[in-house]
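All ligand and atom numbering here is 1-based and tracks the order in the structure.
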Amino acid sequence: MNLVILGVTGSIGSQTLDIVRNHRSEFNVIAVTCNKNIRKLREIIVEFSPSYVSIGQSENIEPLKSEFPDVVFEQGKQGLIGAATYKSDSEVLVVNALVGSAGLEPTIEAIKMKRNIALANKETLVVGGEIIMPLVKEYGVELIPVDSEHSAIKQLIMDKQDDVSEIIITASGGSFRDLSRNELKSVTVKDALDHPNWDMGQKITIDSATMMNKGFEVIEAHYLFNMPYEKIKTVLHRESMIHSLVEFNDSSILAHIGNPDMRVPINYALFYPTRMPYTGKRLDLVKLGALHFEELSYDRYPLFKLAIEAGKTGGLTPTILNAANEESVYLFLEGKISFLDIEEIVGECLNIFKTDLEVTLHNIITLDLRVREYVKNKV
Ligand code: NAD
Ligand code: MG
């Protein structure tokens with residue numbers, strides 16, 4: 001199988017390469033992209049010899065071109081699309097491990113090339129679910145979720161979609177699950193990046209602390225499994241051992257249990273529909289002992305509530321939600337705003353930017369840029 005890996009230097013990208021290393025004869029990495037981690041990119045080029053490489057930041061491209069004369073180098077948005085559509089005589093799986101709505105266009109272009117997608121980049125479905133899902137149908141491609149909850153749900157539903165009565169998405173609660181709303185006023189970036197169960201990229205770690213991530217995942221599930229929002233529930237589950245559950249018409253609830261290890265859903269997506277052995281640590285149920293579940297409160301996590309409302313409103317509202325969130329999270333990571341400013345700014349943008357324009361790629365991109373500019377100008 002030929003692989004394109006968008007966002008190869010990130011947390012999901014690197015773990016995808018771990019799976020590829022375990023199955024070198026099965027995969028050929030033909031194209032990769034990264035934003036600015038050139039040191040890591042160089043190692044990846046040496047180890048996996050891709051033919052096409054795209055980099056977000058342009059100034060770093062020249063030395064690489066002379067170092068690897070056989071590789072085609074590109075940059076920016078065109079480079080991302082170039083990677084997603086890079087020519088190949090045999091079947092290609094595109095792993096989208098980008099962060100943010102930058103993942104939308106390359107996904108659309110890859111689908112139009114009839115390529116299956118292993119999708120980690122949930123923001124693509126948050127902003128573009130209304131465009132992506134009809135394209136998936138039209139071009140007859142597989143959109144295989146990498147997000148652990150959605151991978152779990154896909155594995156649980158199998159071909160019994162019509163018998164599902166509800167989906168239950170589990171949430172760890174993020175870095176601040178034991179803090180009160182009042183205590184959140186003074187938290188630092190370092191505190192926020194210290195997730196109890198998962199080691200992930202910075203943006204999703206902050207989204208987990210605000211619980212925006214879980215709101216995004218509800219929207220993602222809505223599109224992936226064609227489920228009305230009323231049938232998608234969430235529950236706080238501290239151990240992150242149950243990755244999600246599905247309740248069927250006969251009241252049976254199936255759960256997907258395993259160690260919190262993203263290589264498991266990545267392995268599943270890369271080999272789908274085959275189940276390939278994975279040699280990672282096994283879960284010892286006796287050692288684990290007990291599992292806990294609590295209600296996930298809207299009041300404690302206002303961004304979770306805003307996300308679900310935006311999802312239900314649909315149209316371009318999730319684009320506003322996502323753009324405001326992405327830029328606010330980056331401002332927080334840069335130390336320019338406080339943790340609670342993120343929810344303030346997202347709420348404000350949802351009030352200011354009202355739109356009933358049609359959901360088209362052009363309208364998404366235009367609105368996304370406008371909202372980002374507005375947020376950037378606040379500091
Ligand atoms: P990350 O920040 O670690 O990696 C992002 C990657 O995308 C990097 O390689 C970066 O260089 C690249 N990138 C970003 N912008 C780019 C651009 N404009 N052009 C080219 N490359 C660009 O993020 P991550 O944690 O790996 O998350 C990736 C996606 O997967 C996110 O949507 C996240 O929500 C989702 N996800 C991640 C995890 C996890 O465990 N990390 C779990 C579930 C879902
Ligand atoms: Mg997840």
Side-chain angles (χ1 to χ4, degrees), residues 4-18 31-41 43-44 52-58 60-61 73-84 95-107 117-128 145-154 169-174 193 195 197-208 210-221 224 234 237 240 242-244 256 260-266 269 322 325-326 329-330 333 368 372:
V4 170
I5 309 176
L6 309 175
V8 73
T9 53
S11 160
I12 295 291
S14 304
Q15 294 179 85
T16 302
L17 291 178
D18 288 342
V32 299
T33 81
C34 82
N35 200 22
K36 54 185 173 190
N37 191 344
I38 302 300
R39 188 191 51 75
K40 195 160 179 183
L41 177 67
E43 290 169 11
I44 292 169
Y52 182 102
V53 173
S54 180
I55 302 164
Q57 289 200 346
S58 55
N60 304 302
I61 208 165
F73 283 95
E74 269 296 342
Q75 56 200 65
K77 190 159 132 180
Q78 273 322 307
L80 271 180
I81 294 172
V95 180
N96 185 342
L98 293 168
V99 61
S101 59
L104 176 62
E105 278 185 86
T107 306
I117 317 278
L119 186 73
N121 176 241
K122 63 191 82 183
E123 295 92 341
T124 277
L125 280 180
V126 170
V127 304
V146 167
D147 214 350
S148 56
E149 295 79 0
H150 306 76
S151 175
I153 293 163
K154 186 172 178 68
I169 299 179
T170 49
S172 69
L193 288 176
H195 193 285
N197 302 346
W198 298 94
D199 182 12
M200 310 181 284
Q202 294 198 334
K203 194 253 175 186
I204 185 177
T205 305
I206 304 303
D207 285 345
S208 301
T210 63
M211 208 54 80
M212 178 61 99
N213 182 53
K214 213 44 60 178
F216 282 170
E217 291 185 353
V218 169
I219 301 175
E220 189 186 3
L224 281 172
T234 45
H237 164 53
S240 292
I242 296 191
H243 302 305
S244 276
H256 183 287
D261 176 355
M262 285 308 294
R263 291 181 193 87
V264 178
I266 293 170
N322 178 71
N325 182 65
E326 266 188 51
V329 168
Y330 292 133
L333 285 168
D368 177 272
R372 284 171 194 271

For this session: Indicate yes or no for a side-chain donor-acceptor contact from Asp147 to the backbone of His150 under 3.5 Å, with no hydrogens or angles considered.
Result: no
Problem set entry | ring pair (Phe, Tyr, Trp, His ring centres under 6.0 Å) partners for Tyr330, two or more places apart |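 Testing Tyr330 for ring pair (Phe, Tyr, Trp, His ring centres under 6.0 Å), a comparison that skips the adjacent residues, returns none.
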Exercise. Which protein N, O or S atoms sit under 2.8 Å from the Mg ion (ligand 2)?
Worked result: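 Listed by chain and number: Asp147 OD1, Glu149 OE1, Glu217 OE2.
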Exercise. Of Lys122, Lys214, His256, which meets side chain to side chain donor-acceptor pair (under 3.5 Å) against Glu149?
Worked result: Lys214
Exercise. Without hydrogens or angle criteria, can the side chains of Ser172 and Asn197 be said to hold a donor-acceptor pair below 3.5 Å?
Worked result: no
For this session: Grab the two heavy atoms, one from Ile55 and one from Asn35, that are nearest each other, plus how far apart they are.
Result: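 Of all heavy-atom pairs spanning Ile55 and Asn35, the closest is CG2-O, 3.5 Å.
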Exercise. Any idea which heavy atoms bring Leu80 and Leu6 closest together, and the distance?
Worked result: O-CD2, 4.0 Å
For this session: Decide if atom CG of Asp18 counts as having more than 12 heavy atoms of other residues, nucleotides or ligands within a radius under 6.0 Å.
Result: yes
Exercise. Are Lys203 and Glu123 ion-paired here, with the side-chain N under 4.0 Å from a carboxylate O?
Worked result: yes
Exercise. Listed by chain and number, what are the salt bridge (Lys or Arg N to Asp or Glu O under 4.0 Å) partners of Glu74, not counting sequence neighbours?
Worked result: none
For this session: Kindly tell me which protein residues have any non-hydrogen atom under 4.0 angstrom away from an atom of ligand 1, grouped by chain and ordered by number?
Result: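 The answer is Gly7, Val8, Thr9, Gly10, Ser11, Ile12, Thr33, Cys34, Asn35, Leu80, Ala97, Leu98, Val99, Ala120, Asn121, Lys122, Glu123, Asp147, Met200, Gly201, Ile204, Met262, counting any residue whose heavy atom sits under 4.0 Å from ligand 1.
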